Amino acid sequence: MTNEAYRQMWQELGMDLRQHDLFLAALPEAFNTVFLSQSNRPQGMAYFDNLLMEAHGGRIREILDRKKEGKPVVGTFCVFVPEELIFAIDGVSVGLCGGAQFTVPAGERVLPRNLCPLIKSLMGFKLERICPYFQAVDFLIGETTCDGKKKTWEILNEYVPTYVMELPQRKEEPDLALWEREIWRLKKEVERRSGQIIDEEKLARGIRRANARREALRRLYKARQADPVPISGKDVLLISQLAFFDEPERFAARVNELCEELEGRMARGEGVAPKGAIRIVVAGTPMPIPYWKLHHIVESAGAVIVAEETCTGTRYFAGQVEEGGETLEQQLKALARRFLDINCACFTPNSGRVEDILNLAREWRAHGVIYYTLQFCQTYALEARRVEKALKERGIPVLTLESDYSEEDVGQLKTRIEAFLEMLN
Ligand code: BJ8
């Protein structure tokens with residue numbers, strides 16, 4: 001498609017073209033600096049680079065074509081939303097969390113300033129009308145995870161229909177029962193809005209599609225256990241971010257192709273950093289597109305990030321939904337179980353998350369952990385203490401950082417990260 005055709009498409013989506021131009025203007029340079037400047041990138045990254053470049057173009061065109069065929073387009077903000085129900089009816093699911101400072105001031109027009117930047121950014125994308133996905137969705141699915149999110153859905157609902165799932169805060173039997181009921185309720189909502197019935201066969205397909213994508217991401221992460229590591233943390237972060245936008249089968253196939261290339265590198269002992277380079281696990285809050293700040297600082301300082309315990313990391317793909325359920329009751333129960341196993345800091349108690357981080361540090365042979373929280377994210381900030389204590393007891397150095405999407409603290413972050421890496425050396 002030509003640029004003119006894209007502009008027409010954006011106009012038809014009701015976007016603010018002037019603001020959109022301003023937003024996109026900075027991205028090519030950022031992309032060159034962060035990604036293309038790396039040496040020895042795997043060839044398989046070409047697909048993902050192109051997907052990023054076409055995120056507001058070709059991919060949106062595809063989604064609009066699906067919409068014309070009567071398939072619903074649904075926006076989500078959290079890895080607790082079971083996309084299997086959307087995939088079951090061939091709908092399009094897009095993750096809409098905001099990762100850009102550009103839209104934070106707009107978000108602050110309707111939200112308190114002392115709120116997490118992820119929420120302000122996503123709100124700003126809607127208010128500024130610069131996200132074609134936000135413009136294309138038929139409805140949104142929010143959740144009652146943190147207070148900031150759940151109250152924001154009430155405001156967002158004034159702009160786009162926003163359905164809210166109630167997430168329990170504990171993981172006992174009554175909580176599982178509540179969550180299972182919520183998944184049934186979401187199934188009905190998806191059916192009502194799409195005019196399609198989700199039967200066992202369709203749901204089984206939806207489950208297989210999401211499982212295949214999770215499996216591919218797990219294989220990708222596995223490759224990062226190697227030393228030298230065959231792919232940078234920045235590239236894996238980009239792939240994980242794009243998982244929320246792409247068509248799941250195609251995405252899984254491309255990740256698997258990339259994994260074959262990486263496994264070849266591992267067999268030859270080839271990597272993107274020298275053998276013995278400092279290996280870091282990052283744990284904390286999600287990093288939606290186009291947030292690459294932390295990874296860029298760490299890897300520019302000569303270390304490699306080998307795993308992310310985040311929702312743009314392991315929390316997205318950990319565990320599978322059991323396949324083979326013959327009735328809807330069995331299938332929805334299996335869905336409820338897999339999703340309630342995700343260890344987000346919004347749960348109490350949440351010792352599973354501490355275990356997850358320790359396992360990652362051990363199995364990915366990390367020299368240290370960076371515990372990272374977005375500003376004003378209380379649950380993750382509060383959990384830092386427990387995680388730090390557990391890591392220190394096992395002799396694993398940890399650096400705790402809080403940041404936002406702006407560039408203002410880059411100098412300070414660099415100083416602290418470089419000192420941490422120096423200490424690990
Ligand atoms: S499962 S991490 S995607 S809730 S960073 S908005 S928690 S104040 S994004 Fe999250 Fe689901 Fe949990 Fe993951 Fe609130 Fe914290 Fe902001 Fe957060």
Side-chain angles (χ1 to χ4, degrees), residues 23 27 51-52 55-56 59-60 63 73-83 86 92-104 106-108 110-111 115-137 139-153 155-157 159-160 162-165 167 217 237-246 251 282 284-295 308-317 339 342 344-346 372-380 403-406:
F23 172 60
L27 282 185
L51 187 57
L52 178 72
H56 283 208
R59 178 63 185 138
I60 284 291
I63 289 176
V73 181
V74 186
T76 66
F77 302 95
C78 176
V79 297
F80 274 100
V81 174
E83 292 175 288
I86 303 162
V92 178
S93 169
V94 284
L96 289 176
C97 279
Q101 177 63 25
F102 187 88
T103 56
V104 166
E108 287 175 348
V110 294
L111 300 172
L115 190 67
C116 139
L118 184 148
I119 304 176
K120 292 189 288 193
S121 174
L122 75 88
M123 190 72 199
F125 270 112
K126 181 61 214 167
L127 297 179
E128 293 281 61
R129 293 182 289 120
I130 59 170
C131 173
Y133 297 93
F134 242 123
Q135 299 301 111
V137 293
F139 70 104
L140 303 171
I141 304 173
E143 23 40 63
T144 57
T145 42
C146 64
D147 288 352
K149 270 183 161 180
K150 76 182 174 210
K151 297 308 286 180
T152 296
W153 309 144
I155 301 170
L156 194 56
N157 191 41
Y159 301 89
V160 197
T162 306
Y163 176 87
V164 179
M165 293 186 82
L167 188 76
L217 286 167
L237 174 64
L238 178 64
I239 295 170
S240 307
Q241 291 171 331
L242 291 166
F244 291 85
F245 295 87
D246 201 7
F251 176 85
V282 170
T285 46
M287 300 181 180
I289 278 184
Y291 182 82
W292 306 306
K293 180 165 79 174
L294 180 74
H295 279 56
E308 294 83 6
E309 184 276 330
T310 65
C311 293
T312 39
T314 53
R315 285 199 292 274
Y316 187 44
F317 61 74
F339 281 86
I342 299 171
C344 172
C346 59
Y372 168 83
T373 57
L374 279 171
Q375 228 176 28
F376 306 118
C377 176
Q378 294 174 334
T379 52
Y380 279 86
S403 184
D404 59 13
Y405 295 156
S406 75

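The first residue in the sequence is number 1, and the count goes up from there. Worth knowing before you read on, the calculation uses all heavy atoms, side chains too, and leaves out hydrogens, waters and symmetry mates. Just so it is clear, the structure is predicted and the values come from calculations on it, not from any experiment.
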- Note on the structure: Contacts of Tyr405 meeting ring pair (Phe, Tyr, Trp, His ring centres under 6.0 Å) (sequence neighbours excluded), chain-then-number -> Tyr291
- Query: Between SG of Cys146 and CD of Gln378, what distance do you get to the nearest 0.5 Å?
  - Reply: 9.0 Å
- Can you name the residues that form a salt bridge (Lys or Arg N to Asp or Glu O under 4.0 Å) with Glu108, not counting sequence neighbours? Arg113, Lys120
- Query: Given the side-chain rings of Trp153 and Phe77, with only the six-membered ring counted for Trp, is the space between their centroids under 6.0 Å?
  - Reply: yes
- Query: Which pair of non-hydrogen atoms, one from Ser406 and one from Gln101, has the smallest distance, and what is that distance?
  - Reply: N-OE1, 3.4 Å
- Task: Examine distances only and state if a side-chain atom of Thr312 and a backbone atom of Met287 form a donor-acceptor pair shorter than 3.5 Å.
- Result: yes
- Looking at residues at least two apart in the chain, or sitting in another chain, which of them share a salt bridge (Lys or Arg N to Asp or Glu O under 4.0 Å) with Arg129? none
- Can you check side-chain contact (heavy atoms from CB on, under 4.5 Å) on Leu122 and Leu156, steps first, answer last? CA-CA 10 Å; Leu122 75 88; Leu156 194 56; 4.2 Å; yes
- Under the salt bridge (Lys or Arg N to Asp or Glu O under 4.0 Å) rule, collect the residues that match up with Lys126, sequence neighbours excluded. none
- Task: Apply ring-ring contact (aromatic ring centres under 6.0 Å, His included) to the pair Phe244 and Tyr316, showing each step before the final yes or no.
- Result: CA-CA 10 Å; Phe244 291 85; Tyr316 187 44; 4.1 Å; yes
- Message: I need the minimum non-hydrogen distance between Ala243 and Leu217, along with the two atoms involved.
- Response: CB-CD1, 4.3 Å
- Scanning both residues in full, the closest heavy-atom pair of Ile342 with Val79 reads CD1-O, 3.5 Å
- Item | Stepwise side-chain contact (heavy atoms from CB on, under 4.5 Å) check, Phe134 with Leu140 | CA-CA 9 Å; Phe134 242 123; Leu140 303 171; 3.9 Å; yes
- Message: For Leu374 versus Cys116, what's the shortest heavy-atom pair and its separation?
- Response: CD1-SG, 4.3 Å
- Query: How would you list, by chain and number, every residue that makes a ring pair (Phe, Tyr, Trp, His ring centres under 6.0 Å) with Phe23, sequence neighbours excluded?
  - Reply: Phe102, Phe125
- Item | Heavy-atom pair of closest approach, residues Thr379 and Cys346 | CG2-CA, 4.1 Å
- Any donor-acceptor pair under 3.5 Å linking the side chain of Asp404 with the backbone of Gln375? no
- Query: Hey, are the side chains of Pro286 and Leu118 touching, using non-hydrogen atoms and a 4.5 Å cut-off?
  - Reply: yes
- Query: Does the side-chain contact (heavy atoms from CB on, under 4.5 Å) test come out yes or no for Ile141 and Ile86, once each step is laid out?
  - Reply: CA-CA 11 Å; Ile141 304 173; Ile86 303 162; 4.2 Å; yes
- Note on the structure: In this structure, CZ of Phe376 is separated from OG1 of Thr373 (nearest 0.5 Å) by 11.0 Å
- For residues Phe139 and Asn157, determine if any side-chain heavy atom of one lies less than 4.5 Å from a side-chain heavy atom of the other. no
- About how many Å separate OG of Ser240 and CD1 of Ile289, when rounded to the nearest 0.5 Å? 10.0 Å
- Task: Taking the side chain as every heavy atom from C-beta outward, state whether Leu127 and Met123 have any atom pair closer than 4.5 Å.
- Result: yes
- Report yes if the side chains of Leu167 and Phe339 come closer than 4.5 Å at any heavy-atom pair, otherwise no. no
- Item | Test item: Thr152 side-chain N/O and Lys150 main-chain N/O as donor-acceptor pair under 3.5 Å | no
- Query: So do Leu52 and Leu27 actually touch side chain to side chain, heavy atoms under 4.5 Å?
  - Reply: no
- Item | Residue pair Arg59, Ile63: steps toward the side-chain contact (heavy atoms from CB on, under 4.5 Å) verdict | CA-CA 6 Å; Arg59 178 63 185 138; Ile63 289 176; 3.8 Å; yes
- Message: Taking ring pair (Phe, Tyr, Trp, His ring centres under 6.0 Å) as the definition, give me every residue that meets it alongside Tyr133, ordered by chain and number, with sequence neighbours left out.
- Response: Phe245
- Would you indicate whether the side-chain heavy atoms of Thr76 and Glu143 approach each other to under 4.5 Å? no
- Message: Any non-hydrogen side-chain atom of Val282 less than 4.5 Å from a side-chain atom of Glu309?
- Response: no
- Arg315 CZ to Thr310 OG1 distance, which is reported to the nearest 0.5 Å: 6.0 Å
- With rounding to the nearest 0.5 Å, note down the distance linking CZ in Phe80 to SG in Cys344. 5.5 Å
- Item | Nearest-0.5 Å distance, CG of residue Leu242 to CG of residue Leu237 | 9.5 Å
- Message: Please check this pair: side chain of Ser121 against backbone of Val104, looking for a donor-acceptor N/O pair closer than 3.5 Å.
- Response: no
